[in-house]
**Q** 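Attaching a single structure in structure tokens format; questions to follow.
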Amino acid sequence: MPRPRKSPAKTEIRPVDRAFYERSPQRVARELLGKVLVRKTGRRLLTGRVVEVEAYLGEADPAAHSAAGRTERNAVLFGPPGYAYIYFIYGNHYCLNVSCEPEGHAGGVLFRALEPLSGIEEMAKARGVTIGGEKDLIKLTSGPGRLCEAFCITRARDNGRDLTSPGESLWIGDDGYEARSVVVTARIGITKAASHPLRYLLAGNRFVSGRKNILPI
DNA sequence: ATATCGATTATCT
DNA sequence: GATAATCGATATG
């Protein structure tokens, strides 16, 4: 049967299932591009499209938090796939990851930037900025610390949360968007294993974080 | 436009 | 006691 020519007013977002995350961080990272992060607070719905992520490979990756083995902080990375690992960094910011690989094997994907889709007023309020133009819109969720602030994500609130269920106040869904051209570069902000091509982004997307395009690989 | 720097604290050595 | 998967402000060309 023919699909309507115009997209419906409300786009259906289907949850991404756990099997999706039970794979290597590289594969999960690549395929997470274009998915939607959803935050449900009261009757407000905040959504943002994933436009930039990084893969962290577990105990074999010197840059990963799991490199030195399991601790209280990084336990989620060693648990089952599809759960939120949130850490606090530089005394100021939270960052969101989703656990990958089968249970017992560490690995995760860091969310580095989103393109705001809905709930922009709420995000601006959470970020403490006023939206005057395009530049202000970009400041909402362009960066791992920024997107957590916009979505009110904290370790106390969300660490260990199941990201596969729409019953949760934070989850990841698929609205049918397909990532077209993907660029892979070195990861940002790390000193160990800094040259590996493990950062994935949607080519040309305005909401990607950081300066220009750092050495595409 | 890019470069450098200070803030601020949980976590680990 | 040192470090850190960042951000925003300030300085400089």
Side-chain angles (χ1 to χ4, degrees), chain A residues 21 24-26 28-30 32-33 37 48 50-79 83-101 106-114 116 123-160 163 172 183-201 206-215 217:
Chain A
Y21 303 102
S24 72
Q26 293 100 315
V28 174
R30 166 63 182 81
L32 223 33
L33 289 174
L37 183 67
V50 179
V51 301
E52 177 188 355
V53 291
E54 282 176 358
Y56 286 87
L57 309 185
E59 296 182 87
D61 179 1
H65 288 179
S66 44
R70 181 182 185 131
T71 66
E72 190 175 339
R73 175 171 79 142
N74 65 24
V76 174
L77 291 174
F78 290 82
Y83 288 82
Y85 164 56
I86 293 151
Y87 64 90
F88 186 61
I89 191 71
Y90 293 114
N92 283 302
H93 312 286
Y94 291 99
C95 294
L96 168 70
N97 294 248
V98 58
S99 61
C100 301
E101 304 275 15
V109 172
L110 169 71
F111 288 75
R112 285 200 57 92
L114 304 174
M123 293 184 204
K125 189 175 173 186
R127 290 274 295 122
V129 301
T130 53
I131 305 295
E134 168 95 356
K135 277 201 154 183
D136 298 318
L137 205 55
I138 288 172
K139 282 195 292 188
L140 289 183
T141 53
S142 176
R146 289 170 172 174
L147 71 89
C148 281
E149 190 171 39
F151 275 62
C152 300
I153 294 167
T154 66
R155 179 166 168 94
R157 206 173 156 181
D158 299 302
N159 190 57
L163 297 176
I172 300 165
V183 174
V184 185
T185 78
R187 293 175 292 187
I188 289 183
I190 57 172
T191 54
K192 298 167 226 166
S195 66
H196 299 179
L198 294 170
R199 171 175 176 247
Y200 302 76
L201 55 98
R206 302 184 303 283
F207 297 89
V208 166
S209 77
R211 324 239 59 79
K212 300 289 184 182
N213 273 358
I214 298 178
L215 59 122
I217 296 173

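Computed from heavy atoms alone, side chains included, the values below leave out hydrogens, waters and symmetry copies. Every chain is numbered from 1 and lettered A, B, ... according to where its sequence line falls, protein lines coming before strand lines.
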**Q** In whole angstrom, what separates A:Ile86's CD1 from B:dT11's P?
**A**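 To the nearest whole Å, that distance equals 13 Å.
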**Q** Have a look at A:Ile190 and say if it touches a base, only the backbone sugar-phosphate, or nothing, with a 4.0 Å heavy-atom cut-off.
**A**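 If one applies the 4.0 Å heavy-atom cut-off, A:Ile190 turns out to touch the sugar-phosphate alone, with no base involved.
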**Q** In the structure shown, which nucleotide is the Watson-Crick or G-U wobble counterpart of C:dA11, with both distances under 3.5 Å?
**A**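 Result: B:dT2.
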**Q** Which heavy atom of A:Tyr21 sits nearest to which heavy atom of A:Ser99, and what is that distance?
**A**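 Taking every non-hydrogen atom into account, CB-O, 3.7 Å.
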**Q** In terms of side-chain heavy atoms of A:Ile89, which of C:dA4, B:dA7, C:dC7 is nearest?
**A**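 The closest nucleotide is C:dA4.
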**Q** Tell me: CG of A:Asn74 to P of C:dA5, nearest whole Å?
**A**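 Rounding to the nearest Å, CG of A:Asn74 and P of C:dA5 are 13 Å apart.
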**Q** What distance separates A:Asp61 CG from A:Arg187 CZ, expressed to the nearest 0.5 Å?
**A**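 Answer rounded to 0.5 Å: 4.0 Å.
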**Q** Using a 4.0 Å heavy-atom cut-off across all strands, classify A:Gly145 as base, sugar-phosphate, or nothing.
**A**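 Sugar-phosphate: the residue A:Gly145, judged by heavy atoms under 4.0 Å, touches backbone atoms but no base.
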**Q** Can you give me the N/O atom pairs linking the protein to nucleotides 9-11 of chain C at distances under 3.5 Å, or say none if there are none?
**A**
none

**Q** Mark yes or no for a side-chain to base donor-acceptor pair under 3.5 Å between A:Tyr87 and C:dA5, with no hydrogen or angle criteria applied.
**A**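 Side chain to base: pair found, below 3.5 Å.
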**Q** For A:Asp158 and A:Cys152, which heavy atoms make the closest approach, and how far apart are they?
**A**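 Nearest heavy atoms, A:Asp158 then A:Cys152: OD2-O, 3.8 Å.
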**Q** Restricting to non-hydrogen atoms, name the atom on A:Ser142 and the atom on A:Phe207 that form the minimum distance, rounded to 0.1 Å.
**A**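 Shortest heavy-atom contact: OG-O, 3.2 Å.
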**Q** Rounded to whole angstrom units, what separation is found between the CG atom of A:Asn159 and the C1' atom of C:dA5?
**A**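 Rounded to the whole Å, the gap is 15 Å.
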**Q** Looking at every non-hydrogen atom in both residues, tell me the closest pair between A:Leu114 and A:Thr141 and how far apart they are.
**A**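 A:Leu114 and A:Thr141 have their closest heavy atoms at O-OG1, 2.7 Å.
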**Q** Categorize A:Phe88 for me: base, sugar-phosphate, or nothing, with a 4.0 angstrom heavy-atom threshold over every strand shown.
**A**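 Sugar-phosphate, backbone atoms only, no base.
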**Q** Side chain of A:Arg146 only, please: which of C:dA5, C:dG8, B:dC12 is the nearest?
**A**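 Among the listed nucleotides, the one closest to the side chain of A:Arg146 is C:dG8.
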**Q** Quick check for you: among C:dG8, C:dA5, B:dT8, whose closest atom lies nearest to any side-chain atom of A:Asn92?
**A**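 Comparing C:dG8, C:dA5, B:dT8 against the side chain of A:Asn92, the answer is B:dT8.
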**Q** It should be established whether A:Thr71 places a side-chain nitrogen or oxygen under 4.0 Å from OP1 or OP2 of nucleotide B:dC12.
**A**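 Indeed, a polar side-chain atom of A:Thr71 lies that close.
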**Q** I want to check one thing: is the phosphate of C:dT6, taken as OP1 and OP2, less than 4.0 Å away from some side-chain N or O of A:Arg112?
**A**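 Answer yes for this pair, as a side-chain N or O of A:Arg112 is under 4.0 Å from OP1 or OP2.
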**Q** Does the side-chain ring of A:Tyr90 lie flat on the base of C:dA4, meaning centres under 5.5 Å and planes less than 30 degrees apart?
**A**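 Here A:Tyr90 fails the 5.5 Å or the 30° condition.
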**Q** For DNA chain C, whose closest nucleotide is more 5', that of A:Lys139 or that of A:Thr191?
**A**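 Its nearest nucleotide lies further toward 5', so the answer is A:Thr191.
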**Q** Rounding to a whole Å, what distance do you find between A:Glu149:CD and B:dA7:P?
**A**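 Rounded to the whole Å, the gap is 19 Å.
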**Q** If you look at every heavy atom in A:Asn159 and A:Tyr85, which pair is closest and at what distance?
**A**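 Where A:Asn159 meets A:Tyr85 most closely, the heavy atoms are OD1-CA, 3.4 Å.
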**Q** Would one find a side-chain N or O of A:Arg127 under 4.0 angstrom from OP1 or OP2 of C:dG8?
**A**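 It does, given that an N or O in the side chain of A:Arg127 lies less than 4.0 Å from OP1 or OP2 of C:dG8.
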**Q** As a test of understanding, state which of A:Val51, A:Leu96, A:Val208, A:Ile188 forms a side chain to side chain contact (heavy atoms under 4.5 Å, CB included) with A:Arg112.
**A**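 Result for side chain to side chain contact (heavy atoms under 4.5 Å, CB included) with A:Arg112: A:Ile188.
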**Q** Can you measure A:Leu201 atom CG to C:dA5 atom P for me and round it to whole angstrom units?
**A**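 Whole-Å distance recorded here is 20 Å.
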**Q** Take the protein atom CD of A:Glu52 and the nucleotide atom C1' of C:dA5, then report the distance between them rounded to whole Å.
**A**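 After rounding, the gap between these two atoms is 11 Å.
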**Q** Side chains of A:Arg146 and A:Leu140, heavy atoms from C-beta outward: is any pair under 4.5 Å?
**A**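 The answer is no; the side chains never approach within 4.5 Å.
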**Q** I want to check one thing: is the phosphate of C:dA4, taken as OP1 and OP2, less than 4.0 Å away from some side-chain N or O of A:Arg73?
**A**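 The answer is no; no side-chain N or O of A:Arg73 sits under 4.0 Å from OP1 or OP2.
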**Q** Check the distance between C:dG8's P and A:Ile138's CD1 and give it to me in whole angstrom.
**A**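 It is 13 Å, rounded to the nearest whole Å.
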**Q** Using atom CZ of A:Arg187 as one end and atom P of C:dA4 as the other, report the distance to the nearest whole Å.
**A**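 Rounded to the whole Å, the gap is 14 Å.
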**Q** What nucleotide, of C:dT6, B:dC12, C:dA5, holds the atom closest to the side chain of A:His65?
**A**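 Selected nucleotide (nearest to the side chain): C:dA5.
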